Amino acid sequence: MMGKPGLAAIVVVLSCAAACEDVPECTGPVTLAIETSQITGDVDPVAAGVQADVEVQTSLREGETVELEVFGPDARLVDTYEAAADSAGLVVFDAISVTTPTATLRARASGLCGLAMDQVVVAVTAAE
């Protein structure tokens with residue numbers, strides 16, 4: 001014999017209904033594109049080496065983060081950076097260190113709506 005749903009079951013359903021309203025809907029897969037294609041200037045001439053600002057456009061929600069890895073011409077990992085998306089999905093990495101004459105930039109994002117990655121090799125023509 002099946003009984004009537006208990007009060008606990010009703011509370012669980014109502015709790016989920018209230019909490020689930022706060023979960024944003026995904027409008028599509030996460031997208032990510034490194035917008036820097038060449039580095040011609042040093043944004044911090046006082047620091048050793050070449051520093052550049054790198055912009056990454058994403059479909060991430062505000063506050064979700066992107067990890068940026070910088071590799072030298074020899075494929076050696078130079079450094080890793082992390083920055084958060086603004087309300088338009090733009091992520092700006094300020095004054096990151098890059099190698100000459102080229103650097104490989106690899107960006108990875110993991111957001112509520114999925115994962116994305118982009119990688120570019122950029123020419124670095126700024127003087128050290």
Side-chain angles (χ1 to χ4, degrees):
M1 174 176 167
M2 295 186 81
K4 295 180 181 176
L7 182 58
I10 294 169
V11 169
V12 168
V13 170
L14 292 175
S15 295
C16 180
C20 294
E21 288 178 19
D22 295 338
V23 177
E25 202 172 299
C26 293
T27 58
V30 172
T31 59
L32 179 143
I34 298 171
E35 296 188 337
T36 302
S37 60
Q38 183 176 359
I39 297 170
T40 59
D42 188 350
V43 298
D44 186 357
V46 176
V50 176
Q51 284 70 43
D53 296 337
V54 173
E55 292 186 354
V56 178
Q57 186 61 56
T58 74
S59 62
L60 294 174
R61 299 175 191 285
E62 185 173 9
E64 291 181 320
T65 59
V66 172
E67 177 183 84
L68 182 71
E69 295 173 312
V70 179
F71 296 89
D74 59 357
R76 180 183 56 84
L77 179 64
V78 174
D79 214 337
T80 302
Y81 303 87
E82 190 173 286
D86 67 11
S87 61
L90 181 64
V91 180
V92 179
F93 295 89
D94 294 318
I96 67 163
S97 293
V98 293
T99 56
T100 58
T102 63
T104 300
L105 307 176
R106 181 186 304 152
R108 292 186 231 193
S110 174
L112 177 67
C113 298
L115 308 169
M117 186 190 86
D118 189 24
Q119 180 172 308
V120 296
V121 177
V122 295
V124 181
T125 59
E128 290 188 58

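In what follows, every heavy atom counts, from backbone to side chain, and hydrogens, waters and symmetry copies are set aside. Remember, predicted model here, so these are calculated numbers, not experimental data. By convention here, the first residue in the shown sequence is residue 1.
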Validation row: Asp118, Val56 side chains within 4.5 angstrom (heavy atoms): no
Over all atoms of both residues, closest heavy-atom pair of Asp94 and Asp53: CA-OD1, 3.4 Å
Closest non-hydrogen atom pair, Cys113 against Gly28: CB-O, 4.0 Å
Sidechain-backbone polar pair: Ser59 side chain, Thr31 backbone, donor-acceptor under 3.5 Å: yes
Spatial distance of atom CD (Glu69) from atom CG (Leu105) [nearest 0.5 Å]: 10.5 Å
Shortest non-hydrogen contact from Thr99 toward Val124: O-CG2, 3.1 Å
Spatial distance of atom CD (Glu82) from atom CZ (Arg108) [nearest 0.5 Å]: 12.0 Å
Partner residues of Thr125 under the side chain to side chain donor-acceptor pair (under 3.5 Å) criterion, sequence neighbours left out: none
For Gln51, all residues meeting side chain to side chain contact (heavy atoms under 4.5 Å, CB included), sequence neighbours excluded: Asp42, Val43, Asp44, Ala47, Ala95, Ser97
Glu64 side chain vs Leu112 backbone, donor-acceptor pair below 3.5 Å: yes
Approximate separation, where rounding is to 0.5 Å, of Thr36 OG1 and Ile96 CD1: 7.5 Å
Side chain proximity check, Val122 to Val98, heavy atoms < 4.5 angstrom: no
Between CZ on residue Phe71 and OG1 on residue Thr80, distance to nearest 0.5 Å: 7.0 Å
Residue pair Val54 / Ile34, side-chain heavy-atom distance below 4.5 Å: yes
Exercise: identify the closest heavy-atom pair between Ser87 and Glu62: CB-OE1, 3.7 Å
Closest approach of Thr100 to Ala126 (non-hydrogen atoms, all atoms of both residues): CG2-O, 4.1 Å
Residue pair Ile39 / Val50: nearest heavy atoms and the distance that separates them: CG2-CG1, 4.3 Å
